[in-house]
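A note on names: the letters A, B, ... follow the listed sequences, proteins ahead of strands, and every chain is numbered from 1.
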There are 2 protein chains.
Amino acid sequence: MSTNTTPAKRPGGRSAAVLTSVKNAVEELVAERGRERVTIPIVAERAGVNPTSVYRRWGDLQTMINDIATYRLDPNRPLPESGDLRADLTQWAREIVTHYSNPVNAALLRGGAASAGESESDCLRNRRAEANIMVERAGERSPVTVDEVIDHLVAPIVYRVIFLPWTLSEDTATSLVDRLLPE
Amino acid sequence: MSTNTTPAKRPGGRSAAVLTSVKNAVEELVAERGRERVTIPIVAERAGVNPTSVYRRWGDLQTMINDIATYRLDPNRPLPESGDLRADLTQWAREIVTHYSNPVNAALLRGGAASAGESESDCLRNRRAEANIMVERAGERSPVTVDEVIDHLVAPIVYRVIFLPWTLSEDTATSLVDRLLPE
DNA sequence: TCCTTAAAGCAATTGTGTTTGCGTTATGGA
DNA sequence: TCCATAACGCAAACACAATTGCTTTAAGGA
């Protein structure tokens with residue numbers, strides 16, 4: 001599981017070159033044309049690589065897209081840790097909004113949504129893990145649960161990204177946090 | 001625009017039979033296999049119809065799916081109108097949860113999400129219109145705006161439908177309304 | 001430096017979605 | 001009942017994605 005985007009052996013050589021150029025091609029093309037109109041031959045051409053290589057290494061384009069969508073916002077980046085839950089959640093939400101203001105990431109999210117549900121991998125599971133860390137830090141007296149953070153902070157942002165992308169703005173994050181944590 | 005699912009002429013005859021069988025086939029197949037694995041030839045076979053007919057009449061499968069997804073929950077159904085905003089929103093939200101508890105509708109929503117954004121048709125625009133009616137009815141003194149209803153009632157439900165369908169339960173609607181309208 | 005082999009390239013083939021021209025059916029009005 | 005025509009069925013042609021066997025390249029250890 002996790003990132004099969006990492007070559008098993010011989011990192012840094014030709015394999016790595018193919019890997020990064022294919023990844024870049026997928027990101028560019030999904031943003032340009034939308035998930036629906038991206039195929040492996042098209043990706044291969046943009047990457048300057050033979051389609052066969054892509055088929056053999058990944059086989060399933062959707063899996064690759066899910067993987068990219070899941071790990072493009074680095075799950076190991078430092079989380080805000082000011083000691084104030086409100087401030088931390090606000091900054092964290094701002095990061096997410098900024099991330100999805102990039103059309104590439106928005107398109108990848110929509111691509112992920114199409115194949116979500118069932119038992120498939122969820123490209124937002126890292127968000128939940130992060131929310132969990134921050135709520136845990138606040139301890140017993142946290143005014144919110146993880147589920148509430150997902151429902152009232154992550155969900156509205158994701159909803160806007162997918163269905164109403166033009167409504168995402170600078171203060172989307174803050175106004176959502178204001179609703180989540182009454183002063 | 002709107003429902004091109006209605007035959008232009010000669011309703012009730014062979015055309016209507018094709019229409020309903022194709023529509024049923026799309027609903028069944030999207031639920032069974034997910035949007036990604038549904039094609040026009042497959043739909044045509046299930047419907048007992050020639051693929052050519054589907055191509056000529058609809059051409060674009062995604063458009064048909066969006067159309068079905070948009071109008072499957074009748075936008076002309078009566079809205080709750082008890083005089084109490086909280087009660088109305090609760091019942092309305094419950095209807096939506098029930099609707100999307102049906103795997104067919106959940107799959108259609110995911111299919112719609114894939115092609116949302118940009119300038120395409122949004123399969124949830126009727127939800128916003130409904131929310132608008134109920135908030136308007138509450139008049140000047142409404143404790144919530146339409147945007148807030150979308151952000152904190154519709155968005156969490158939709159998010160769960162798409163990414164965490166197993167978390168939808170009987171009291172999802174009521175607990176969301178409780179957060180939206182502090183007592 | 002040489003040698004092994006994982007990984008990429010190439011080309012031919014197969015499978016399937018889409019288009020198109022034409023014949024057939026049957027609806028709904030005359 | 002008959003007729004005009006909208007809509008469907010059929011089959012061939014087409015376009016392109018996916019598969020497969022084989023060759024070639026180059027990474028990395030001996």
Side-chain angles (χ1 to χ4, degrees), chain A residues 3-30 32-68 107 111 114-115, chain B residues 3-68 107 111 114-115 120:
Chain A
T3 175
N4 52 11
T5 320
T6 305
K9 297 182 175 184
R10 307 191 181 187
R14 182 167 60 162
S15 294
V18 170
L19 171 69
T20 60
S21 63
V22 167
K23 218 178 83 171
N24 288 337
V26 170
E27 293 170 0
E28 288 172 22
L29 288 164
V30 168
E32 285 174 23
R33 324 176 43 146
R35 164 71 187 91
E36 316 290 327
R37 294 176 189 172
V38 177
T39 65
I40 288 183
I42 294 171
V43 167
E45 188 184 2
R46 172 70 62 96
V49 157
N50 196 292
T52 315
S53 305
V54 181
Y55 281 115
R56 285 212 239 263
R57 221 160 119 174
W58 289 281
D60 183 9
L61 181 60
Q62 188 58 48
T63 304
M64 187 181 0
I65 289 177
N66 286 339
D67 198 63
I68 294 175
S115 70
Chain B
T3 174
N4 53 10
T5 321
T6 306
K9 296 183 173 183
R10 306 189 181 186
R14 183 169 57 162
S15 294
V18 170
L19 172 69
T20 59
S21 62
V22 167
K23 219 178 80 170
N24 289 337
V26 170
E27 293 170 359
E28 289 172 21
L29 288 164
V30 168
E32 286 175 22
R33 323 175 43 143
R35 164 71 187 91
E36 314 291 327
R37 295 178 188 171
V38 177
T39 65
I40 289 183
I42 294 171
V43 167
E45 187 184 3
R46 173 69 62 96
V49 158
N50 196 291
T52 314
S53 305
V54 180
Y55 280 114
R56 284 212 239 264
R57 215 157 128 175
W58 289 279
D60 183 10
L61 182 60
Q62 189 58 49
T63 305
M64 186 180 2
I65 289 177
N66 287 340
D67 199 64
I68 294 175
S115 70
E120 310 242 356

Per the under-4.0 Å heavy-atom filter, residues of residues 43-52 of chain A near DNA chain D come out as A:Thr52
Bend angle of the helix from C:dT1-D:dA30 to C:dA30-D:dT1 from five-pair axes at both ends, rounded to 10°?
-> 30°
If the condition is side-chain hydrogen bond (donor to acceptor under 3.5 Å, both in side chains), which residues does [X] pass it with, not counting sequence neighbours?
| X | result |
| --- | --- |
| A:Asp60 | A:Thr63 |
| B:Thr52 | B:Asn50 |
| B:Glu45 | none |
| B:Glu36 | none |

Could you walk me through whether A:Arg46 and A:Glu32 pass salt bridge (charged side-chain N to carboxylate O under 4.0 Å, His left out), step by step?
-> CA-CA 12 Å; A:Arg46 172 70 62 96; A:Glu32 285 174 23; 3.1 Å; yes
Answer yes or no: does a side-chain N or O of [X] lie under 4.0 Å from OP1 or OP2 of [N]?
| X | N | result |
| --- | --- | --- |
| B:Arg57 | D:dC8 | yes |
| A:Tyr55 | D:dA18 | yes |
| A:Ser53 | C:dA7 | no |

Check the side chains of B:Asn66 and B:Gln62 for a donor-acceptor pair under 3.5 angstrom, ignoring hydrogens and angles.
-> yes
Once you round it to whole Å, what is the distance between [atom2] of [N] and [atom1] of [X]?
| X | N | atom1 | atom2 | answer |
| --- | --- | --- | --- | --- |
| B:Arg37 | D:dA18 | CZ | P | 13 Å |
| A:Gln62 | D:dA18 | CD | C1' | 17 Å |
| B:Asp60 | C:dT18 | CG | C1' | 13 Å |

Picking from D:dC8, C:dT18, C:dA8, the nucleotide nearest the side-chain atoms of B:Ile40 would be C:dT18
Of all the nucleotides listed (D:dA18, C:dT20, D:dT20), which has the minimum atom distance to the side chain of A:Arg56?
-> D:dT20
Is there side-chain contact between B:Leu61 and B:Val38, with at least one heavy-atom pair below 4.5 Å?
-> yes
Side chain proximity check, B:Trp58 to B:Ser53, heavy atoms < 4.5 angstrom = no
A:Ala47: what forms a side-chain contact (heavy atoms from CB on, under 4.5 Å) with it, not counting sequence neighbours?
-> A:Ser21, A:Val22, A:Ala25, A:Val49
